[in-house]
Number of protein chains: 4
Amino acid sequence: MNKVILVGRLAQDPEVRYTQSGKAVASFNLAVNRFGGQNNADFIPIVAWEKLAESAGNNIGKGSKVLVDGRLQIRSYEANDGSKRRVAEVVAQSIEYLDRKQQASENGGDLTVDSFGKDVFPDEEIPF
Amino acid sequence: MNKVILVGRLAQDPEVRYTQSGKAVASFNLAVNRFGGQNNADFIPIVAWEKLAESAGNNIGKGSKVLVDGRLQIRSYEANDGSKRRVAEVVAQSIEYLDRKQQASENGGDLTVDSFGKDVFPDEEIPF
Amino acid sequence: MNKVILVGRLAQDPEVRYTQSGKAVASFNLAVNRFGGQNNADFIPIVAWEKLAESAGNNIGKGSKVLVDGRLQIRSYEANDGSKRRVAEVVAQSIEYLDRKQQASENGGDLTVDSFGKDVFPDEEIPF
Amino acid sequence: MNKVILVGRLAQDPEVRYTQSGKAVASFNLAVNRFGGQNNADFIPIVAWEKLAESAGNNIGKGSKVLVDGRLQIRSYEANDGSKRRVAEVVAQSIEYLDRKQQASENGGDLTVDSFGKDVFPDEEIPF
DNA sequence: TTTT
DNA sequence: TTTT
């Protein structure tokens, strides 16, 4: 069990890059207000992959309010001076767009993007 | 966003049934202790599907301690007297077995069963 | 561990009542969309107590979008015909108001109401 | 909304320190297995305060299995070379002890420690 | 109806 | 470094 749920606003536009194998990766910091908190936020690094990444790149930007559901991961990397560093980041499993800043979409509904197939089974099928 | 996370013990062995289309469905009540609570628990109906259901049928029983991650669903059904009833239940998305009652498995590790494919990406692939 | 996190819209205005000991209790159904889901929602009963209840009564109504953080509880009661019934409901521990329908509040920020005292400790105090 | 839920084992005994104002603070790394993961874990820094800290110091140690419920915080500090660094850590709001390594406690039940007062209301009080 |  |  490794679950993180955050509501906040993007501190900057998502940066979308591509791995050597061609997978899209988006990253941005999420400003999550602390309780009591006008000018008191945690800026939490978020990473999203593939269609989640592409959707973020196309649909949200600096200031957008989102709900991120994901897992907390510690990633190792080599710093410029050759030293080994560790950074914590949240790998998004789904992102729910809580407002629609720019394009006031005519259908109104909220958009949720998810990194896996769905497991929704109709009520009627249950054999009891 | 519809997320439920529970830790508790099975109040009875899982019942495994099959839909007309052949899908396995397991159901059981989970005793979740309230704070302060020896003899003070909520008995929460859990439903699991397909491989989650089969694994539950094979690996856990009355008294097993588990962590259930799922969503809360309201299901409508027709009662015996023809009246329409609604029941709330948690549809499991993953079940983590926190103890191994019967078979003291030699490898020691915990078992997690999950209803969808995994989205684990290796650290090294990240292009930054 | 008994945790529920829901995002949805109130299906009706909160009903605020008072216990014999004078505690406020608010109740309403929350429409939580399923994935894929325009016309496909679970209507989940929510209960809030004391200042959470009063705030809900004053600040949100039918159609308001909220994030509810709480626990899932099974409550027993006696039906009109004398039979014993059980109902599941979510007891809210905090409610975050994700939009402000009517009154475009002048202070701008989002409003979160919480049922317990806060445990926020300043960063500087940590002795390492 | 800033919520983190983790299940893992302590990578070392908790270190308990005291702030200048006398508050207890415990810190340790939690090894949280990734899916698929025997030798594949994230080591996540956990911080607990006051009675949570004292209980951790007294009741759990390296290898203990726990469920941590908390929030993700970014803390700034000054490194030895005077540069400003940021570190992410989980501030525990409750810790559930999922096993009892050393002392096979005679009372059986699980121990949950929580950082705030409880909001449990009896079922009977609800006026409907 | 029920778990430890 | 940063959001409203």
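FYI, side chains are in, hydrogens and waters are out, and symmetry mates aren't considered; it's all heavy atoms of this structure. Residue numbers begin at 1 in each chain, while the letters A, B, ... track the order of the sequences.
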Between [N] atom [atom2] and [X] atom [atom1], what is the distance in whole Å?
X: B:D42; N: E:dT1; atom1: CG; atom2: C1'; answer: 15 Å
X: D:K84; N: F:dT2; atom1: NZ; atom2: C1'; answer: 12 Å
X: A:L30; N: F:dT3; atom1: CG; atom2: C1'; answer: 8 Å
X: B:I46; N: E:dT3; atom1: CD1; atom2: C1'; answer: 13 Å
X: B:Q12; N: E:dT1; atom1: CD; atom2: C1'; answer: 9 Å
X: A:L6; N: F:dT3; atom1: CG; atom2: C1'; answer: 14 Å
X: B:I60; N: E:dT4; atom1: CD1; atom2: P; answer: 14 Å
X: B:D13; N: E:dT2; atom1: CG; atom2: P; answer: 16 Å

- Item | Minimum-distance nucleotide (side-chain atoms of D:R86 versus F:dT1, E:dT3, E:dT1) |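 The closest nucleotide is F:dT1.
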- Message: Side chain of B:A31, heavy atoms from C-beta onward: which of E:dT3, E:dT1, F:dT3 has the nearest atom to it?
- Response: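 The listed nucleotide nearest to B:A31's side chain is E:dT3.
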- Query: Closer than 4.0 Å, any side-chain N/O of B:K62 to the OP1 or OP2 of E:dT4?
  - Reply: no
- Message: Can you see if the side chain of B:R9 gets near the phosphate of E:dT2 - specifically, an N or O under 4.0 Å from OP1 or OP2?
- Response: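 Checking B:R9 against E:dT2: no side-chain N or O falls below 4.0 Å of OP1 or OP2.
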- Could you tell me which residues satisfy side chain to side chain donor-acceptor pair (under 3.5 Å) with A:D81, sequence neighbours excluded, listed by chain and number? A:S83
- Message: I'd like to know if B:R9 pairs up with B:D99 as an ion pair, taking the criterion as any Lys NZ or Arg NE/NH1/NH2 lying under 4.0 Å from an Asp or Glu carboxylate oxygen.
- Response: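 The answer is yes: the pair qualifies as a salt bridge.
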- Task: In plain terms, say whether B:D42 and B:R34 are close enough for a salt bridge, that is, a side-chain N and a carboxylate O under 4.0 Å apart.
- Result: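 Judged by the 4.0 Å cut-off on N to carboxylate O distance, B:D42 and B:R34 do form a salt bridge.
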- Query: Stacking check: are the rings of A:F43 and F:dT3 less than 5.5 Å apart at their centres and under 30 degrees in tilt?
  - Reply: no
- A:E15 meets the salt bridge (charged side-chain N to carboxylate O under 4.0 Å, His left out) criterion, sequence neighbours left out, with A:R17
